There are 2 protein chains.
Amino acid sequence: MSRRSGILEFAVLGLLRESPMHGYELRKRLNTSLGVFRAFSYGTLYPCLKTLVASGWLIEESGGASEEALAAPLSGRRAKIVYRLTAEGKEHFEDLLSQTGPDAYEDEHFAARFAFFGQTSRDVRMRVLEGRRSRLEERLEKMSASLARTRERLDDYTLELQRHGMESVEREVRWLNELIESERAGRDQQRSAPDSSAQHDSTSGESGGLPRRRETNPPPDPSDDTAK
Amino acid sequence: MSRRSGILEFAVLGLLRESPMHGYELRKRLNTSLGVFRAFSYGTLYPCLKTLVASGWLIEESGGASEEALAAPLSGRRAKIVYRLTAEGKEHFEDLLSQTGPDAYEDEHFAARFAFFGQTSRDVRMRVLEGRRSRLEERLEKMSASLARTRERLDDYTLELQRHGMESVEREVRWLNELIESERAGRDQQRSAPDSSAQHDSTSGESGGLPRRRETNPPPDPSDDTAK
DNA sequence: TTCGTCATGTAATGGGTTACATGATTAC
DNA sequence: GTAATCATGTAACCCATTACATGACGAA
């Protein structure tokens, strides 16, 4: 019983929605696609997959479409287990996507939500972005309040740490502002379009949400070659 | 047996080194002084304090210096328990401060280390800052490598998330650069001073490490009063 | 007198990692 | 043939949270 990670479950469902995969690959995608943040281990992932199967959200399929599966059916041969989202799983994920409770604004949860914005309807995207922003603004208030209360007693390094922390949060707020603005722009731009009725069947996220920003290319960075 | 949180233990020792405190207060300081990051709960803190006492790093003292302690010695009266660092505890903390193993460069561990830079010798500060920086540079490399590998397959939002993540890391690297630079400046500036021999007895961190940056003052921010 | 905050604790539970065990497949 | 990497799993532990239980103290 139990073993419900929330964020892991969500991410697994989201990735499998795009295409079936086996555990090993899933884990890698988890650590890059959502990445930066979480690095789930197999000890977490595999048990989680099992409970998802038990819940009926996933089914296990043996490796290559049909040939290999029959080539070595019974004996020791350990097969790759490919997980595929069931219809119920799809529905469940859709449910999760539409939930905008306060949890969704926490750091890691938010990142996971954002990673699947491509499959999220615009109004939900808006709610999540705005919720996150006000969550951060709250945090900011608390921080500067406690800073005001204690500033005298703190040494320079502690102060600097605090300052840098607040600046990081402020920076994320600015980022969210940009995102929200361009979501709004996208919405307004579509306001005069034929119709939409778009509520679910949200396989496509109604596109059009991101600020123009080509040249993400990491500048080749010559000099400095600490590569191991 | 067990119950060694590393970072919590470290932070508790560090705070108590500055002055004795009881658990409740300790917790608040933990969430502000180091704050922003961690918010330890009592369920974590109190058991930890016990093991620290058991290890001999701390001793428990009953509340007000002597009067109160005698005023209600036996019956139900629940006394504040003030924790004070023992000589061994002090020594132990000094040990921890001087350790610069790879753990010290991880996010939260690093923050805890930084929070006590005021009690850390300059050379250790340098090692920690530089270690942290190269840790982040590694991370940056991995991120852009995996980005290069997968960029085509990712949708715009995932990409944007990745980009923002990398930018955050880059920003911290720049911050570290500033800090390292001003540590170096402080060191050079002192190069011609009488002597120092300063190795430990590091109650004062040899000062002089931070970039000039007055006006941290959060601008009073009139308008907006969402305070609860 | 009741409410908020100070103050200390414990048991159950959660969510995750590490280390280990096993074995197939590929590249050299 | 042997090393790296792919691939799946389990058991033991770790760190921390939640919810609960208890109670004092001050202010409205």
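Reminder, nothing fancy here: chain letters follow the sequence lines and each chain counts from 1. From a predicted model like this one, the values you see are computed outputs, not experimental measurements.
Comparing dA16(D), dT8(D), dG16(C) by their nearest atom to the side chain of Tyr24(A) picks out dT8(D). Comparing dT17(D), dT17(C), dT8(C) by their nearest atom to the side chain of Tyr42(B) picks out dT8(C). Across dT17(C), dA7(D), dT10(D), the shortest atom-to-atom separation from the side chain of Pro47(A) is found for dT10(D). For Lys80(A), the side-chain atoms get nearest to dA7(D) when compared with the rest of dA7(D), dT17(C), dT8(C). In this structure, the nucleotide among dT17(D), dA7(C), dG9(D) sitting nearest to the side chain of Tyr46(A) is dG9(D).
The closest side-chain donor-acceptor pair between Arg125(B) and Tyr157(A) falls under 3.5 angstrom. Remark: the Trp175(A) side chain and the Glu160(B) side chain contain an N/O donor-acceptor pair separated by less than 3.5 Å. With hydrogens and angles left out, the side-chain atoms of His92(B) and Glu9(B) include a donor and acceptor closer than 3.5 Å.
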Checklist entry - Where do Glu60(B) and Val82(B) land on the side chain to side chain contact (heavy atoms under 4.5 Å, CB included) test, with the steps shown first? => result CA-CA 6 Å; Glu60(B) 302 183 349; Val82(B) 174; over 6 Å; no
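For Lys50(B) and dA7(C), the NZ to P distance is 18 Å, given to the nearest whole Å. Whole-Å rounding puts the Phe40(B) CZ to dC14(D) C1' distance at 13 Å. Summarising the geometry, the separation between CZ on Arg27(A) and C1' on dT18(C) is reported as 12 Å, rounded to the nearest angstrom. For Asp103(B) and dT18(C), the CG to C1' distance is 14 Å, given to the nearest whole Å. Between Ile81(B) atom CD1 and dA24(D) atom P the separation is 15 Å, expressed in whole Å. Summarising the geometry, the separation between CD on Glu25(A) and P on dC6(D) is reported as 11 Å, rounded to the nearest angstrom. Between Glu106(A) atom CD and dG15(C) atom P there is a gap of 14 Å when expressed in whole angstrom units. With rounding to whole Å, Leu45(A) atom CG is found 10 Å from dG9(D) atom P.
Under the 30°/60° scheme for interplanar angles, the aromatic rings of Phe110(A) and Phe114(A) are found to be tilted.
Where Leu8(A) and Tyr83(B) each meet DNA chain C at their nearest nucleotide, the meeting point lying more 5' is that of Tyr83(B).
For Glu25(B), the side-chain hydrogen bond (donor to acceptor under 3.5 Å, both in side chains) criterion is met by no residue, not counting sequence neighbours. Residues passing the side-chain contact (heavy atoms from CB on, under 4.5 Å) test with Glu88(A), sequence neighbours excluded: Trp57(A), Thr86(A). Scored by the side-chain contact (heavy atoms from CB on, under 4.5 Å) test, Phe93(A) finds Phe10(A), Leu13(A), Arg17(A), Leu97(A), Phe116(A), Gln119(A) as partners (sequence neighbours excluded). Among residues two or more places apart in sequence or in another chain, the side-chain hydrogen bond (donor to acceptor under 3.5 Å, both in side chains) test is passed with Ser41(A) by Thr44(A).
Here Thr44(B) reaches the OP1 or OP2 of dT17(D): one of its side-chain N or O atoms lies under 4.0 Å away. At dA16(D), none of the side-chain N or O atoms of Ser41(B) fall inside 4.0 Å of OP1 or OP2 (strictly under the cut-off).
Using a 4.0 Å cut-off between charged side-chain N and carboxylate O, Glu106(A) and Arg132(A) make no salt bridge.
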Distances for protein N or O near nucleotides 11-13 of chain C N or O, under 3.5 Å:
none

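Axis angle between the ends of the helix from dT1(C)-dA28(D) to dC28(C)-dG1(D), five pairs each and rounded to 10 degrees, works out to 30°.
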